[in-house]
J.: 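Got a structure for you, questions after.
Letters A, B, ... mirror the listed sequences (proteins, then strands); counts begin at 1. Just so you know, these numbers use all the heavy atoms, side chains as well, and skip hydrogens, waters and symmetry mates.
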Amino acid sequence: MAWFILGYSFFWYENLNDHRILLIYKKLFKLHGPQGWWPLSSIQNNYHSADYNYPKNNQQIFEICVGAILTQNTNWHNVEKAIQNLKIQNLLGPKKILKSNKKIILEMIKPSGYFNQKYKKLIYFSDEYLSWKGNIPSRSILLDIWGIGPETADSILLYAYKKRHFVIDSYTKKIFSNLQIIDKKKSYDDVQKYFEYNLPRDINIYQEYHALIVAHAKCYYSRFVAGKSCPLQSI
DNA sequence: AACCAGGACGTGA
DNA sequence: TCACGTCATGGT
């Protein structure tokens, strides 16, 4: 009986087969080229296209984590200002954030919006980050931190720690529901499973794909265009 | 001048 | 579980 239940669940996974996921990745790459995520302030123009050998040190790892938290429902341009502020004040580190005056940090991260909540998130995260002592956190450890949801956790794992977790964001759902490939109502984990099942186990593809989705959505899924002229519709 | 950005949490049903 | 309100700045 146990074997039957196990077999049934494998059968369900078989149903996830969809060759379009990889086809779309290739098409997006041709359309937009390598994106160079995650953007880092220490790099010329922030982006490091086609160079996947990042982050190179703990400073950059922590910056990616901070960026992932600050960019929640926020334009990246505003996040860059906040990160620059922290960096100029020499506050872009877990210990520095923890021991700094709250009013100073609030002032520095103000441009990224939701600054009261995000201050709290940075404090909780920095405290946890130090407790790892340089080790890579698991997904559930990240999710247990107040202020870290599935997308932020996967962004941190994928871009800061190079762990193969596919990132799902609102753009992903917008594009792929517009193409009628995924259902809008599907949960984060179900959509993630769908992508991961249909992609090669390649960290670079995971990193590029999410970045390409964001780039593509900015081109073809603004509130005025809303996906009508999306070149992926031919697939 | 509204509308929205690379979400997550708290609450009530 | 889930639908909805809340958090907040800055660009278009």
J.: Kindly assign one of parallel, tilted or perpendicular to the pair A:H32 and A:H216, based on the angle between their ring planes and the thresholds 30° and 60°.
T.: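 Geometry flag for A:H216 against A:H32: perpendicular rings.
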
J.: Name the pairs: protein N/O against N/O of nucleotides 9-12 of chain C, kept only if under 3.5 Å.
T.:
{"from": "C:dT9", "atom 1": "O2", "to": "A:N78", "atom 2": "ND2", "distance (Å)": "3.2"}
{"from": "C:dG10", "atom 1": "O4'", "to": "A:N78", "atom 2": "ND2", "distance (Å)": "3.1"}
{"from": "C:dG11", "atom 1": "OP1", "to": "A:K81", "atom 2": "NZ", "distance (Å)": "2.6"}

J.: Answer yes or no: side-chain N or O of A:N73 and base N or O of B:dG7 forming a donor-acceptor pair under 3.5 Å.
T.: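 Donor-acceptor pair under 3.5 Å: yes.
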
J.: Please give the distance between the P atoms of C:dC4 and B:dG6 as a whole number of Å.
T.: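 Each nucleotide's P atom is 24 Å from the other's.
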
J.: Extract from the structure each pairing of a protein N or O with an N or O of nucleotides 9-12 of chain B at less than 3.5 Å, listing the distance.
T.:
{"from": "B:dC9", "atom 1": "OP1", "to": "A:G147", "atom 2": "N", "distance (Å)": "2.8"}
{"from": "B:dC9", "atom 1": "O3'", "to": "A:W146", "atom 2": "NE1", "distance (Å)": "3.1"}
{"from": "B:dG10", "atom 1": "OP1", "to": "A:W146", "atom 2": "NE1", "distance (Å)": "3.1"}

J.: Taking B:dC3 as the reference, what is the distance to C:dG5 when you measure between their P atoms (whole Å, please)?
T.: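 The same atom, P, in both gives a distance of 15 Å.
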
J.: Are the ring of A:W76 and the six-membered base ring of B:dA5 within the stacking cut-offs of under 5.5 Å and under 30°?
T.: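 No.
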
J.: Check this for me: A:Y124, atom OH, are more than 12 non-hydrogen atoms of other residues, nucleotides or ligands nearer than 6.0 Å?
T.: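 No.
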
J.: Where along residues 170-183 of chain A does a heavy atom come under 4.0 Å from DNA chain B, residue by residue in number order?
T.: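 When residues 170-183 of chain A is checked for heavy atoms under 4.0 Å from DNA chain B, the hits, listed by number, are A:S170, A:Y171, A:K174.
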
J.: A:S170: which residues meet the side-chain contact (heavy atoms from CB on, under 4.5 Å) condition with it, sequence neighbours left out?
T.: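 By the side-chain contact (heavy atoms from CB on, under 4.5 Å) rule, A:S170 matches no residue at all.
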
J.: Please give the distance between the P atoms of B:dA8 and C:dG10 as a whole number of Å.
T.: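 One P to the other, the span is 22 Å.
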
J.: Tell me, please, which residues at least two apart from A:Y25 pass ring-ring contact (aromatic ring centres under 6.0 Å, His included).
T.: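 Counting only residues at least two positions away or on another chain, A:Y25 forms a ring-ring contact (aromatic ring centres under 6.0 Å, His included) with A:Y209.
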
J.: Between A:P150 and A:Y188, what is the shortest heavy-atom contact and its length?
T.: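 In this case the closest contact between A:P150 and A:Y188 is O-OH, 3.5 Å.
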
J.: For residues 203-213 of chain A, which residues have at least one heavy atom under 4.0 Å from DNA chain C?
T.: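 Of all residues in residues 203-213 of chain A, none places a heavy atom under 4.0 Å from DNA chain C.
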
